[in-house]
2 protein chains.
Amino acid sequence: MNIYEKRVVIVEDNTELSNLYSFLINGIDNYSVIGKYKRCEDLIKNINHDRPDLILMDLELPGMSGTEGIRQVKKKYPRIEILVVTIHENDDVIFQSLSAGACGYLSKTAGLTEVERALKRIETGGAYMTSRIARKVVESFQKSYFSPLTKRETEILSLISKGKTYSMIAVDLNIASDTVKSHLKNIYSKLHVNSKADAISLALKEKFI
Amino acid sequence: MNIYEKRVVIVEDNTELSNLYSFLINGIDNYSVIGKYKRCEDLIKNINHDRPDLILMDLELPGMSGTEGIRQVKKKYPRIEILVVTIHENDDVIFQSLSAGACGYLSKTAGLTEVERALKRIETGGAYMTSRIARKVVESFQKSYFSPLTKRETEILSLISKGKTYSMIAVDLNIASDTVKSHLKNIYSKLHVNSKADAISLALKEKFI
DNA sequence: TTTTACTAACCCAAATCGGGTGATTAACGG
DNA sequence: CCGTTAATCACCCGATTTGGGTTAGTAAAA
C-alpha cells in the first residue's frame, strides 16, 4: 500500500456485507480497506490510529445511531468523507445523514460499478446518490404550488420566521407596521392559527415558506 | 410523432445553442422538440397550445428571469418537468431554481450523452445534476462543525427560529422560562448580537442551526 | 481543580403581539 | 360593470414578551 492510497474504513454490522464491500473496494485502484467495525463506538475509538480518508457507513447499527456517528466524526475530522450505505430510502433518514455530514448515499444492492463510481465522484469533490434520492433532495427545496398565502403574505411570514418584529418588517418592506399586522391577521385566518409559532410550523410543514 | 412521445419546449435566447439542443433532443428516442422560444413570456403565452411534458430552460434570459418563469409554470402546471441549462454554477441561482421547481441542472457544455442521460433520469422520476452540483446541494444541508453554541443553545435558538416564545420553549424542554432566557443571554453574548432576529440570521448564515 | 454547561430566580421598563373594527385603492375576472 | 381579492393604513386595548442586569447551585468535563 503506497502513501497515496485512500484509506477506507467500513462500519457495518453484517459480516457478509462488510466482507463484500471490503472485497469490492480493495479491487478498486488506489483504495484500501484498512479497518472494519460493527459499531460506531469502535470506529471512533480507533479513528486516530486508522486515519481514514473515507468511511463507508451503514445506518442501521446497534448502539450509537449512524447519524450520530457521522456527526461526531465530522465534528472532529471534517475532512473525512462519509458514504452512507442503507436499505432505507426514508426521507428523514436521508436528510438527517446528509445534514450530519454524509456526502453520498449508496444502496445495499450496489455492485462494483456503482461503488467505484461513487468513490470516484467523491474523490473529485462531488457527491454521490441515485437519481431517485437526488429527486427527493431536490424536492425538499421546492415550495408548495398550492399555498393559500399571497406573495406578500408569504414574504412577511418568511421574515417573521427569521425572528423579525412587525416594526422591523415594516422597515424592510417600506410599509407601516400596522400593515404588517394586518397581513399577519389574514395569514392567521387563512391558516387557522393564532400565533407566530403555529403559523410558522404549519407553513414550514406545508412548504408555504 | 406518436402520442407517447415526450413533448419538449426549449427556452433559450441564443439561436445556435437552441438549435443544437433541438438537434440533440430530436435525435433521442421518444423525444420531440415542439417549440422554441427566446423569452419566458413567449413560453407562457403558448404553453396551453404546446402542452409540453418537459421544458429545457436557460436561466440567463432577457425579460422575465428564468426562476420566475419556472415558478409561474410550475404553479399552473406542476407536472411539467423543468430542466435548467446554465453556464453558472452559482449557489444562489442553483437553489433558487431548484426551489422554484426545476428537477435538474445541465451544463451548457453538455453533449448528447449527457442530455440523453438527463432526460432518461427525469423520465424515471429522478433528478439530474452533475456531482459537483449535487455536492453543493448536499453541503447546503450540512451544519457548521465549528459552532460556538452548545447543544442546548442550538436547540433553543432553533426553537426561537420556529417562532416559539420563551414560555413555549420552557414547556417543550421541561425547564423554567427563566432558564430559556438565560440560555438566550448566553447565545446573544456568544454571537455578539442583542435580538432574536440578529441571532437567527447570523446562525442561519453560519449554519449553526 | 478550574471551567463549562445547564439550571433557576428576581427586578424592571420598553416593546411586541393578538384581537377588534373599519377604510381606501388598484387590479383582475366574470 | 360589479364583486372579489390583494395590499395598504389607522386606532384602541390589554396581556405577554423581551432584553438587560445580577446572582447562584450542580454536575460534568478538561
Side-chain angles (χ1 to χ4, degrees), chain A residues 41 44-45 48 64 68 71-72 75-76 145-203 208-209, chain B residues 41 44-45 48 68 71-72 75-76 146-203 208-209:
Chain A
E41 290 85 343
I44 291 168
K45 202 179 297 168
N48 269 313
M64 184 191 301
E68 183 54 31
R71 215 181 312 277
Q72 290 193 18
K75 189 167 181 71
K76 288 216 171 185
Y145 307 125
F146 306 108
S147 171
L149 305 181
T150 68
K151 206 162 190 167
R152 199 56 151 178
E153 286 162 357
T154 306
E155 194 176 15
I156 284 173
L157 190 53
S158 161
L159 288 169
I160 286 286
S161 83
K162 292 187 171 66
K164 304 216 173 190
T165 64
Y166 295 178
S167 48
M168 287 172 174
I169 296 172
V171 172
D172 281 10
L173 303 182
N174 263 300
I175 55 179
S177 79
D178 266 324
T179 305
V180 177
K181 190 194 284 194
S182 181
H183 285 300
L184 255 295
K185 281 183 240 186
N186 291 331
I187 292 170
Y188 291 172
S189 151
K190 282 183 179 177
L191 302 186
H192 306 294
V193 297
N194 50 14
S195 72
K196 282 191 295 185
D198 289 340
I200 292 172
S201 63
L202 181 61
F208 297 154
I209 56 172
Chain B
E41 288 85 344
I44 291 168
K45 203 178 296 168
N48 270 312
E68 183 54 31
R71 214 182 313 278
Q72 290 192 17
K75 188 165 183 74
K76 290 217 168 183
F146 306 108
S147 172
L149 305 181
T150 68
K151 206 162 191 166
R152 200 56 151 178
E153 286 162 356
T154 306
E155 194 176 15
I156 284 173
L157 189 53
S158 162
L159 289 169
I160 287 284
S161 83
K162 292 187 172 66
K164 304 215 174 192
T165 64
Y166 296 177
S167 49
M168 287 171 173
I169 295 172
V171 171
D172 281 11
L173 303 183
N174 262 302
I175 55 179
S177 79
D178 266 324
T179 305
V180 177
K181 188 194 283 194
S182 183
H183 284 300
L184 255 297
K185 281 182 242 188
N186 292 330
I187 292 170
Y188 290 172
S189 150
K190 283 182 179 177
L191 302 186
H192 306 294
V193 298
N194 49 14
S195 73
K196 283 190 295 185
D198 289 341
I200 293 171
S201 65
L202 181 60
F208 298 154
I209 57 171

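Heavy-atom basis, side chains included; hydrogens, waters and symmetry copies ignored. Convention: sequence-line order gives letters A, B, ...; per-chain numbering from 1.
- One atom, CZ of B:R152, and another, P of D:dA28, lie 15 Å apart when rounded to the nearest Å.
- If you measure from atom CG of B:N186 to atom P of C:dT3, you get 16 Å, rounded to the nearest angstrom.
- Two residues, B:V193 and B:S167, neighbour DNA chain D, and the one matched to the more 5' nucleotide by heavy-atom proximity is B:S167.
- Checked against D:dT18, C:dA5, C:dA8, the side chain of B:A176 finds its nearest nucleotide in C:dA8.
- The base of C:dT7 sits with one of its N or O atoms less than 3.5 Å from a complementary donor or acceptor on the side chain of B:S182.
- The minimum heavy-atom distance linking A:L191 with A:A199 is given by the pair CD1-O, 4.0 Å.
- The NZ atom of A:K181 sits 12 Å away from the C1' atom of D:dC9 (whole-angstrom rounding).
- Along DNA chain C, the nucleotide nearest to B:E153 and the one nearest to B:D178 differ in position, and the one closer to the 5' end is contacted by B:E153.
- Both B:S177 and A:S195 lie close to DNA chain C; mapped to their nearest nucleotides by heavy-atom distance, the more 5′-ward contact belongs to B:S177.
- Straight-line distance from the CG atom of B:L149 to the P atom of C:dT4: 15 Å, rounded to whole Å.
- Atom CG of B:L191 and atom C1' of D:dG19 are 15 Å apart (whole Å).
- Whole-Å rounding puts the B:L173 CG to C:dT7 C1' distance at 12 Å.
- A straight line from CD1 of A:I175 to P of D:dA6 spans 16 Å, rounded to a whole angstrom.
- The structure places CD of A:E155 at 9.0 Å from CG of A:D172, a figure rounded to the nearest 0.5 Å.
- Side-chain N/O atoms of B:K185 and base N/O atoms of D:dG21 include a donor-acceptor pair closer than 3.5 Å.
- Between the base of C:dC6 and the side chain of B:T179 there is no donor-acceptor pair shorter than 3.5 Å.
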